[in-house]
There are 2 protein chains.
Amino acid sequence: MGISTQDKIKIAARKIFIEKGYSGARTRDIAEEAGINLALVNYYYRSKDTLFKIIMEEKIDELFGTIIPILAKKDTSLIEKIDEVVDKYFDLLLKVPELPLFVINELRQENINSKIVNRLKVIFENKDIVKYLNELNPNLSNYHIMMNFIGIIIFPFISKPIFVSSSIIDQNEFSALIKTQKGIVSQLVKSLALINPQIK
Amino acid sequence: MGISTQDKIKIAARKIFIEKGYSGARTRDIAEEAGINLALVNYYYRSKDTLFKIIMEEKIDELFGTIIPILAKKDTSLIEKIDEVVDKYFDLLLKVPELPLFVINELRQENINSKIVNRLKVIFENKDIVKYLNELNPNLSNYHIMMNFIGIIIFPFISKPIFVSSSIIDQNEFSALIKTQKGIVSQLVKSLALINPQIK
DNA sequence: GTCTATAGGCCGATAGAC
DNA sequence: GTCTATCGGCCTATAGAC
């Protein structure tokens, strides 16, 4: 069984939108990448905008959805949760390193609809998650913990373009760096426990 | 003395490019923001592309140039250097929080020219900087130290869109969070010294 | 230097044949 | 469902008047 035309378009759209962003991507790029006729993009998805919103929603779920079921579990310790989240994120981000930068960058533009906003709110205001994360360091606010927790995990992937597109390192060296980075991240997240915002 | 037309265009271009990225920005937006006639953009800067490259170079210097003179100083301790870098970055990024995301995102596209690449290389391969930073943790490679050092400082600003555009927090709350974040970042950078990539 | 007007090309979207 | 052809609009860039 081959892939349906509709799915070919979606697969191509994922690649092109992530690569070039909404305004940099052309429906012609997507059609070419999918190996189908330009008119079919509109036939199946009505407009570039509709297609983009579908991809965006999917990617937000992929990026933030990973974290919910793990952190909300009731029978694991906080340390186990952290290790599992770091594990899962590195698996995901090694496959799609551009994901965090794509999502964050498009969130900044006004392409957002209320559906996406609500999805984010559900994640960040989930009471179980807030409660468990707070155990990490009671001196810090929920947002600080959340911001630093997520930030420490994803920043190696966000900073990738600095090192790779400037040819300071290449793709292979980046992959090697990331293997060590995983251990660093794991320890760094746990060291959030030691931080006291009162002292300097 | 008023501002020259040429400068008005550059000031407007900074704002528009940072807000919308290269492909999302229109020369019409820039002209309107500058309060001048559309044709003058091309009169003074020949093309959108030329103007963009000027802004980009300026912003890369702003973002990465800050770090060089501080880290290369010979008469300050590593801890003093870290504190000064964190200080300077927070001053800068409180004024232009969108700066890191803008630069990194555009680096990812192919808009780069060799001039910019070279500038990055000069920074990341400066022997003094490499030597001093390595004192922080001899168990880690230069790139790991550099990546984590820069990453820890800038990720609060990069993750801003996640929290702000989803209305989880607003601009004022973000500013308040950032004040505490500065202390966290300072301690987090120093805790890189304790990390051992061997253990898990 | 600054304006108006427009060229020229690209892009999203659709009409209509098969 | 898939194609070709094309429309209409927008965007960068420039020609030419002042």
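Labels below follow one simple rule: chain letters A, B, ... track the order of the sequence lines, proteins then strands, and each chain is numbered from 1. Given the structure is predicted, the values throughout are model-derived calculations rather than measurements.
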Exercise for the section: Output yes when at least one side-chain N/O atom of T5(A) is less than 4.0 Å from OP1 or OP2 of dT2(D), else no. Expected result: yes
Exercise for the section: Let me know the distance between CD1 of I9(A) and P of dT2(D), rounded to the nearest Å. Expected result: 8 Å
Exercise for the section: Report which part of the nucleic acid A31(A) touches: base, sugar-phosphate, or nothing (heavy-atom distance under 4.0 Å, all strands). Expected result: nothing
Exercise for the section: Ignoring hydrogens and angles, state whether a donor on the side chain of K190(A) or S186(A) is under 3.5 Å from an acceptor on the partner side chain. Expected result: yes
Problem - Donor + acceptor pair across side chains of Q181(A), N148(B) (<3.5 Å) - result: yes
Handout entry: Atom pair distance, as rounded to whole Å: CZ in F52(B) and P in dA13(D)
Key = 14 Å
Practice task
Write down the distance between CG (D29(B)) and P (dA13(D)), rounded to a whole number of angstrom.
Solution key: 14 Å
Exercise for the section: Tell me which of L38(A) and Y43(A) sits closer to the 5' end of DNA chain D, going by the nucleotide each one is nearest to. Expected result: Y43(A)
Practice task
Name all residues meeting the side-chain hydrogen bond (donor to acceptor under 3.5 Å, both in side chains) criterion together with K73(A); count only those two or more places apart in sequence or in a different chain, and write none if there are none.
Solution key: E84(A)
Practice task
Measure the distance from CZ on R26(A) to C1' on dC11(D) and round it to the nearest whole Å.
Solution key: 14 Å
Exercise for the section: Determine the contact category for Y44(B): base if any of its heavy atoms lies under 4.0 Å from a base atom, sugar-phosphate if only primed atoms, P, OP1 or OP2 are that close, otherwise nothing. Expected result: sugar-phosphate
Problem - Aromatic plane relationship, Y143(B) with F163(A) - under 30° parallel, 30 to 60° tilted, over 60° perpendicular - result: perpendicular
Problem - Protein-nucleotide distance (K48(A), atom NZ; dG9(D), atom C1'), rounded to Å - result: 14 Å
Problem - Separation of dA13(C) P from L51(A) CG (nearest whole Å) - result: 10 Å
Handout entry: base_contact_polar (dG12(C) base, R28(A) side chain, donor-acceptor, <3.5 Å)
Key = yes
Handout entry: Under 3.5 Å: donor-acceptor pair, side chain of E173(A), backbone of D170(A)
Key = yes
Exercise for the section: Specify the separation, in whole Å, of atom CD1 of I36(A) and atom P of dA13(C). Expected result: 14 Å
Handout entry: Gap between atoms CG and P, on N37(B) and dT2(C) respectively (whole Å)
Key = 10 Å
Problem - Candidate nucleotides dA13(D), dT4(D), dC3(C), ranked by approach to the side chain of N42(B) - the nearest - result: dA13(D)
Exercise for the section: Go through dA13(D), dT4(D), dC10(D) for me and flag the one nearest to the T27(B) side chain. Expected result: dA13(D)
